[in-house]
Protein chains: 2
Amino acid sequence: MRAPAARRSYRQYCAIAYGLDFIGERWALLIVRELLLGPKRFKDLFEALPGIASNLLTQRLRDLELAGVVERAVLPPPAGIAVYKLTSLGEELEPVVRAISRWGSHFVTREPRKDESIPPNAYMFALRSTFRPEEAAGLARTFEVQLGERVFGVHIEEGRCTTWEGLPDNPDISITTDVRTFSGLLWHRLKPRQSLARGKLVISGDPADLDLFVRVFTHRLSAGPGQT
Amino acid sequence: MRAPAARRSYRQYCAIAYGLDFIGERWALLIVRELLLGPKRFKDLFEALPGIASNLLTQRLRDLELAGVVERAVLPPPAGIAVYKLTSLGEELEPVVRAISRWGSHFVTREPRKDESIPPNAYMFALRSTFRPEEAAGLARTFEVQLGERVFGVHIEEGRCTTWEGLPDNPDISITTDVRTFSGLLWHRLKPRQSLARGKLVISGDPADLDLFVRVFTHRLSAGPGQT
DNA sequence: CGGCATCCATTTTGATACTG
DNA sequence: CAGTATCAAAATGGATGCCG
């Protein structure tokens with residue numbers, strides 16, 4: 001951690017302005033969104049953020065590193081690769097990203113446009129916000145979600161929900177589909193049993209667990225201006 | 001409300017990216033911060049945001065208006081002046097601003113620098129986050145806070161807190177001070193009775209209500225990564 | 001004045017090419 | 001793969017001008 005990005009600070013003695021000095025620059029919070037699902041390599045970040053220039057990604061990662069939000073780490077052998085991960089200060093940005101996600105969901109009112117990318121991580125992260133503890137009361141489940149090439153883990157237990165990118169241990173059910181279908185399920189555009197029947201979605205496990213997943217994670221439409 | 005600022009969108013089908021398309025541009029959330037305390041004229045906004053160019057403020061207000069976050073209004077006579085105010089969609093940004101404020105408070109660890117402005121609205125807004133309902137249980141109070149030229153109202157009742165810029169009705173106590181002292185009180189750098197004794201702060205009302213104010217609104221240091 | 005619009009120097013960004 | 005280097009386009013900031 002160090003003084004605000006001297007490059008271009010708002011120069012206001014105010015927690016909001018200070019925060020924005022660090023994570024208000026273009027792309028910064030989308031990088032954080034990606035890292036909230038776990039450590040990522042440069043390449044993964046680059047591909048998850050179509051439109052960013054590689055030099056700009058480099059610069060943002062440097063800025064965030066200097067800010068104490070991100071750090072470089074080397075995964076234990078045999079992986080042994082260098083990755084970027086959030087520090088604990090960076091993890092504390094989760095409420096910020098969730099609040100923006102909740103507000104931004106007002107604008108998710110139509111099908112994706114052709115020129116838009118559909119970032120899987122965004123959906124897996126959104127699950128943390130749309131999770132309804134009351135629907136999952138007393139239940140413990142681990143889900144494996146395969147979206148295209150990528151695998152995610154979702155675990156719910158005791159009214160809590162964690163999500164991450166990577167293989168889960170002993171999932172109760174594995175759900176394989178494409179991001180469009182997955183997004184459709186979460187936004188009420190598609191129904192799980194229909195998608196199953198149409199082959200847009202494949203599961204290994206109990207279909208009732210798929211229904212549970214959708215029930216627990218589907219978006220509340222026209223949600224009020226509450227917290228989170 | 002309309003499609004994301006076509007000018008420069010992230011083009012991701014994702015609530016976070018959509019949100020940032022609207023309020024991720026430089027200055028946008030600081031404008032929202034100002035308006036969260038009530039309608040403001042162009043001039044008030046311009047003066048509250050030192051460093052912004054007037055044309056850029058114009059453009060941001062246009063963008064926010066097109067986004068459905070801000071609208072122009074004319075105050076009822078005799079004022080009859082044109083102001084900018086938040087729409088209900090704009091009001092819903094309060095959790096976003098609060099989350100950033102909470103995170104950014106990690107960096108408020110020193111005295112203000114000479115080149116920093118100290119925006120009164122930021123502190124009055126912060127009260128909404130630092131408010132501790134448990135300390136105010138069963139109490140109802142209205143405070144008038146005079147910071148330099150500006151007057152603010154703070155009302156607490158039934159575990160709720162509202163703040164605004166402007167004269168409150170029948171305040172229980174009026175607190176007059178400068179922004180530095182006020183900030184010092186909220187951040188534990190100063191004690192209310194000492195500031196009173198030193199003449200940095202003047203009240204009309206019961207000094208016990210000043211103590212109450214500080215107890216109810218003072219910042220929790222090293223707060224965990226909780227919600228809000 | 002208040003509320004912008006215009007002009008212009010400086011930064012930032014985006015796109016592409018290149019390197020260890 | 002993980003970045004640098006380069007360069008054109010766009011955004012920003014500062015000053016100044018206009019107009020009721």
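Within every chain, numbering begins at 1; the chains are lettered A, B, ... in the order of the sequence lines, protein sequences first and strands thereafter.
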To the nearest Å, give me how far apart [atom1] ([X]) and [atom2] ([N]) are.
{"X": "A:Asp21", "N": "C:dT12", "atom1": "CG", "atom2": "P", "value": "13 Å"}
{"X": "B:Ile31", "N": "D:dT12", "atom1": "CD1", "atom2": "C1'", "value": "13 Å"}
{"X": "A:Lys40", "N": "D:dC1", "atom1": "NZ", "atom2": "C1'", "value": "17 Å"}

- prompt: Checking salt bridge (Lys or Arg N to Asp or Glu O under 4.0 Å) for the pair B:Asp178/B:Arg180: CA distance, chi angles, key distance, verdict?
  reply: CA-CA 6 Å; B:Asp178 59 290; B:Arg180 271 187 107 88; 5.8 Å; no
Think [X] has a side-chain N or O under 4.0 angstrom from the OP1 or OP2 of [N]?
{"X": "B:Tyr84", "N": "C:dC4", "answer": "yes"}
{"X": "A:Arg41", "N": "D:dG3", "answer": "no"}
{"X": "A:Arg72", "N": "D:dG3", "answer": "yes"}
{"X": "A:Lys43", "N": "D:dA2", "answer": "no"}

task: Report yes or no: do A:Tyr18 and B:Glu116 form a side-chain donor-acceptor pair below 3.5 Å?
output: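 A:Tyr18 vs B:Glu116: donor-acceptor pair found between side chains.
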- prompt: Per the end-axis method with five pairs at each terminus, what is the bend angle of the helix from C:dC1-D:dG20 to C:dG20-D:dC1, to 10°?
  reply: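 End axes: 30° apart.
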message: Can you tell me how the ring of B:Trp187 sits relative to the ring of B:His219, calling it parallel under 30°, perpendicular over 60° and tilted otherwise?
response: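 B:Trp187 vs B:His219 ring planes: parallel.
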statement: The contact string for nucleotides 14-20 of chain C, one letter per nucleotide 5' to 3', using protein heavy atoms under 4.0 Å with B, S and - for base, sugar-phosphate only and none, comes out as BBBB---
query: Crowded around A:Arg189 CZ? As in, over 12 foreign heavy atoms under 6.0 Å?
result: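 Yes - once you tally the heavy atoms of other residues, nucleotides and ligands closer than 6.0 Å, there are more than 12.
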field: Minimum-distance pair of heavy atoms, taken over all atoms of A:Met124 and A:Phe182
entry: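 Result for this residue pair: SD-CE2, 3.9 Å.
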task: Check B:Phe217 against B:Val154 and note the closest heavy-atom contact, atom names and distance.
output: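 Closest approach of B:Phe217 to B:Val154, heavy atoms only: CZ-CG1, 3.7 Å.
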- request: Give the nucleotide from the list D:dT12, C:dG2, C:dA5 with an atom nearest to the side chain of B:Thr58.
  value: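 Selected nucleotide (nearest to the side chain): C:dA5.
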task: Could you tell me which residues satisfy ring-ring contact (aromatic ring centres under 6.0 Å, His included) with B:Phe143, sequence neighbours excluded, listed by chain and number?
output: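 Partners of B:Phe143 by the ring-ring contact (aromatic ring centres under 6.0 Å, His included) criterion, ordered by chain and then number, come out as B:Phe213.
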query: Does a side-chain heavy-atom distance below 4.5 Å link A:Tyr10 with B:Arg26?
result: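 Yes; the side chains approach each other to less than 4.5 Å.
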